[in-house]
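Okay, structure first, notes after.
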Amino acid sequence: MASLTQASTALSTSFKPTLAASSRSSGLKSVSFSITGKRFPSLSSRRGRFQVSCSAKPETLNKVCDIVKKQLALPEDTAVTPGSKFAELGADSLDTVEIVMGLEEEFGISVEEESAQTIATVQDAADLIEKLVEKKST
């Protein structure tokens with residue numbers, strides 16, 4: 001069995017990566033497949049479990065980061081990443097509502113209250129936006 005020894009590997013045009021021969025996969029963190037601009041689910045491993053999750057486009061993530069910084073009046077040098085939790089950035093429930101309203105305005109979408117309650121991180125918000133934008137365009 002082969003495993004990835006790098007923390008992450010991106011494949012641009014092939015599904016056949018060069019893998020290091022090993023009998024363990026303990027070094028696997030994530031794998032992303034991207035072919036001609038299309039994004040595929042990202043795969044990650046945690047404590048022996050394998051997880052598949054959607055990954056938003058970088059442009060969407062950047063816009064969400066900018067909106068979060070603006071809504072929370074964070075200094076420009078504050079690091080806001082896809083894994084940043086709104087609560088850890090100092091957001092309370094009202095701030096989170098304002099962030100969602102800013103996202104709705106920026107992306108021309110409407111976020112149901114039920115969906116808004118599931119947003120805890122920048123990545124959560126970006127993934128939901130992509131889903132709603134795609135649904136709106138169909």
Side-chain angles (χ1 to χ4, degrees):
M1 180 174 193
S3 71
L4 297 176
T5 57
Q6 299 292 327
S8 68
T9 301
L11 306 173
S12 59
T13 58
S14 173
F15 283 110
K16 295 183 180 182
T18 303
L19 300 172
S22 172
S23 61
R24 299 179 305 152
S25 63
S26 61
L28 178 64
K29 298 288 185 199
S30 69
V31 178
S32 295
F33 297 95
S34 178
I35 296 180
T36 59
K38 298 286 184 186
R39 297 203 41 95
F40 286 82
S42 81
L43 311 172
S44 62
S45 172
R46 292 189 184 141
R47 296 184 189 174
R49 294 183 351 176
F50 199 68
Q51 178 181 3
V52 177
S53 62
C54 295
S55 184
K57 295 176 192 168
E59 310 86 65
T60 304
L61 283 167
N62 290 336
K63 282 185 182 180
V64 172
C65 287
D66 291 343
I67 290 168
V68 169
K69 281 184 177 183
K70 179 182 174 187
Q71 292 293 335
L72 298 178
L74 298 173
E76 191 62 36
D77 62 342
T78 301
V80 177
T81 66
S84 296
K85 294 182 180 180
F86 295 155
E88 290 174 357
L89 294 172
D92 60 20
S93 58
L94 180 58
D95 291 323
T96 302
V97 169
E98 290 176 352
I99 289 168
V100 170
M101 289 171 59
L103 296 171
E104 288 177 324
E105 185 177 322
E106 175 68 27
F107 292 95
I109 57 170
S110 179
V111 178
E112 300 284 332
E113 184 179 343
E114 198 172 281
S115 296
Q117 292 176 352
T118 66
I119 301 171
T121 67
V122 170
Q123 185 71 55
D124 293 341
D127 289 343
L128 179 61
I129 289 164
E130 297 242 330
K131 178 180 160 187
L132 293 172
V133 167
E134 183 179 320
K135 184 178 178 182
K136 182 180 173 183
S137 68
T138 57

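This one's a predicted model, so the numbers in the text were calculated from it and none came from an experiment.
Considering only residues two or more places apart in sequence or on other chains, D95 meets the side-chain hydrogen bond (donor to acceptor under 3.5 Å, both in side chains) condition with none of them. Under the side-chain contact (heavy atoms from CB on, under 4.5 Å) criterion, K85 pairs with E88, T121, not counting sequence neighbours. Here K69 pairs with L74, E76, V80 under the side-chain contact (heavy atoms from CB on, under 4.5 Å) rule; sequence neighbours left out. Partners of Q71 under the side-chain hydrogen bond (donor to acceptor under 3.5 Å, both in side chains) rule, at least two apart in sequence or in another chain, do not exist in this structure. For T118, the side-chain contact (heavy atoms from CB on, under 4.5 Å) test picks out no residue, with sequence neighbours left out. With sequence neighbours left out, the side-chain hydrogen bond (donor to acceptor under 3.5 Å, both in side chains) criterion links T60 to E130. For E104, there are no salt bridge (Lys or Arg N to Asp or Glu O under 4.0 Å) partners two or more places apart in sequence or in a different chain. Applying the side-chain contact (heavy atoms from CB on, under 4.5 Å) test to E106 and every residue at least two apart in sequence or in another chain returns K63, I67. Every side-chain hydrogen bond (donor to acceptor under 3.5 Å, both in side chains) that T81 has, sequence neighbours left out, goes to S84.
With side-chain heavy atoms closer than 4.5 Å counting as contact, directly or through intermediates, L94 stands alone and belongs to no larger hydrophobic cluster. Side-chain contacts under 4.5 Å among hydrophobic residues (ILVMFWY), followed directly or transitively, place V97 together with M101.
Atom CG of L128 is separated from atom CD1 of I109 by 6.0 Å, given to the nearest 0.5 angstrom. To the nearest 0.5 Å, atoms NZ (K70) and SG (C65) are separated by 15.0 Å.
Across all their heavy atoms, L103 and A125 have their closest contact at CD1-CB, 3.9 Å. Listed here is the closest heavy atom pair of S110 and L132: O-CD1, 3.8 Å. Shortest non-hydrogen contact noted between T96 and F86 is CG2-CD1, 4.2 Å.
When each of L61, N62, I99 is checked for a side chain to side chain contact (heavy atoms under 4.5 Å, CB included) with V122, only L61 meets the rule.
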Next on the checklist: Would V64 and I129 count as a side-chain contact (heavy atoms from CB on, under 4.5 Å) here? Give the steps.
Outcome noted: CA-CA 9 Å; V64 172; I129 289 164; 3.6 Å; yes
